[in-house]
Protein chains: 2
Amino acid sequence: MPPDEKPTMKQRILETADLLFYQRGIRAIGVDTIAAEIGISKRTLYNHFPSKDELIAAYLAGRFTKAPASGKPPVEQILGTFDRLERGFAAKGFRGCPFVNAVAELGSEDQSVRKIAIAFKESRRLWFRDLLKQLAVADAEGLATQLTILVDGAIAQDLVRNDPSMARAAKEAAKVLLANAGVEVGGEKSSRGTPKGRNAASSHTTVVTREGEGFA
Amino acid sequence: MPPDEKPTMKQRILETADLLFYQRGIRAIGVDTIAAEIGISKRTLYNHFPSKDELIAAYLAGRFTKAPASGKPPVEQILGTFDRLERGFAAKGFRGCPFVNAVAELGSEDQSVRKIAIAFKESRRLWFRDLLKQLAVADAEGLATQLTILVDGAIAQDLVRNDPSMARAAKEAAKVLLANAGVEVGGEKSSRGTPKGRNAASSHTTVVTREGEGFA
DNA sequence: CATTAATTACACAGATCGGTGTAATCAAGT
DNA sequence: ACTTGATTACACCGATCTGTGTAATTAATG
């Protein structure tokens, strides 16, 4: 499918909803706001999505991306996750994991949202696990769980602190866990001591990319 | 101060707001709902809290508890955090970290909420750091950060999965990080392999306690 | 008993919420 | 030129939101 050409109206609605939902919260954004942002009538929005709930579902479904496959060796893929994470943190507009946020704000009643969130988290865990199995790690299941914990912990910390170095701290921890599991982990320790520049207003030419999608 | 005696009206309002805000989300709960739950008039509520925002602030302030001090050795205190975390997860009605949730649902604009969330997270990190310094850990700052990442990661994972064993997985990771930093960590490895009973509907006589408060 | 303070019921304001109904308008395709 | 489908403007619905004004009622204190 050619990625150019003018986007469908449905796509425009969805991507605008995505932006607003993610940035300001699902409950905080009304359908009127979304329609106004695009400059369309509310009727048009409802012609493409029969209800806000379905729009929310589409939003989360769109965030459910596959973890990137690459030819690189498993260790690099695993550690690379934390590098992508850090870039995501540094990118303007990062606001944590959309699935965790959705569960947090939609309460425990909403079962469908929780289900997709669980599916996403588990898919990431399995991605780690399969790579760990390639590395002949004994307890691939448990270590994979621990890696997802590191990822989500870094995300939560960055969400409140706005400190991208949390990704690096998590990466260092991941290295220790990997080494402890008998995995040969690549050379330099990347950074030492307390990550400098905590709570950074340090804007390194941040790009507005949306890499990582569901995070992470 | 004697903890018994009948609670103040303000206290009743606050504790009810706490329960509802935490359980169902701040944005999801209206002041009418809170007043109705207690059985008081909305006017009375506004006589004690001039606005919902101040009630929210009081809610978060109430969740800002000090990490429990004890005479136990630092390592046990650190690892004990994860045990308390697991009990919190198992307790009925656990719904993640109130500060992270508040930041997640109130969006990036609300500065006051983010500030108190940062303060809380940092206080927990410093608590870890001071204990680590007692253990003569070289990079106490960095390791403390990593421990908070583990805590928040376990919380996020449990929030979506409802799996209290995430706390144990985080604890095992913490042990590895501590050992790697030269800390002598206590004997048995507590559990091995994949934590059984993932996504547990397994109700072990869960208590309704609210220990941990702000988590963790 | 009289005073005072808290709480009550209740109506109401203005905004926003998700969602619908309708008729006019616009843009293609044939 | 005619038809078809999408989009528009716009009014409207009932519900809910935060917050206020007011006068009556209740409970404790002197």
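Residue numbering restarts at 1 for every chain, and letters A, B, ... go by the order of the sequence lines.
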Roughly how many Å is it from CZ in Phe49(A) to C1' in dT7(D), rounded to a whole number?
16 Å

Separation of dT22(C) atom C1' from Tyr46(A) atom OH, nearest Å, is 18 Å

How close or far is atom C1' of dC17(C) from atom CG of Leu20(A), stated in whole angstroms?
16 Å

Between the CZ atom in Phe128(B) and the OG1 atom in Thr81(B), the distance rounded to the nearest 0.5 Å is 4.0 Å

Rounded to whole angstroms, how far apart are CD1 on Ile13(B) and C1' on dA6(C)?
12 Å

Output the rounded distance in Å from CG (Asp32(B)) to C1' (dT16(C)).
14 Å

DNA chain C: Leu45(B) or Ser51(A), which has the more 5' nearest nucleotide?
Leu45(B)

Salt-bridge present (Glu105(B), Arg27(A); N to O < 4.0 Å):
no

More 5' along DNA chain D: Lys42(A) or Asn47(A), using each one's nearest nucleotide?
Asn47(A)

In whole angstroms, the gap separating P of dG19(D) from CD1 of Ile29(B) amounts to 15 Å

Quick check: on DNA chain C, is the nucleotide nearest Asp53(A) upstream (toward 5') of the one nearest Ile40(B), or the reverse? Name the residue that is more 5'.
Ile40(B)

How many whole angstroms separate atom CD1 of Ile26(A) from atom C1' of dG18(C)?
15 Å

Determine whether a donor-acceptor pair (N or O, by modelled atom type, separation under 3.5 Å) exists between the side chain of Ser51(A) and the backbone of Glu54(A).
yes

Among the candidates dC17(D), dG21(D), dA9(D), find the nucleotide nearest to the side-chain atoms of Arg43(A).
dA9(D)

To the closest 0.5 Å, what do you measure between CD (Gln157(A)) and OG1 (Thr148(B))?
4.0 Å

To the nearest 0.5 Å, atom CD of Glu37(A) lies from atom CG of Asp32(A) at 13.0 Å

Is any side-chain N or O of His48(A) closer than 4.0 Å to OP1 or OP2 of dA6(D)?
no

Could you tell me how far apart Arg12(B) (CZ) and dA6(C) (P) are, to the nearest whole angstrom?
16 Å

Residue-phosphate contact under 4.0 Å: Thr44(B) side-chain N/O, dT8(C) OP1/OP2:
yes

Reckon Ile34(B) touches a base, only the sugar-phosphate, or nothing at all at heavy-atom distances under 4.0 Å?
nothing

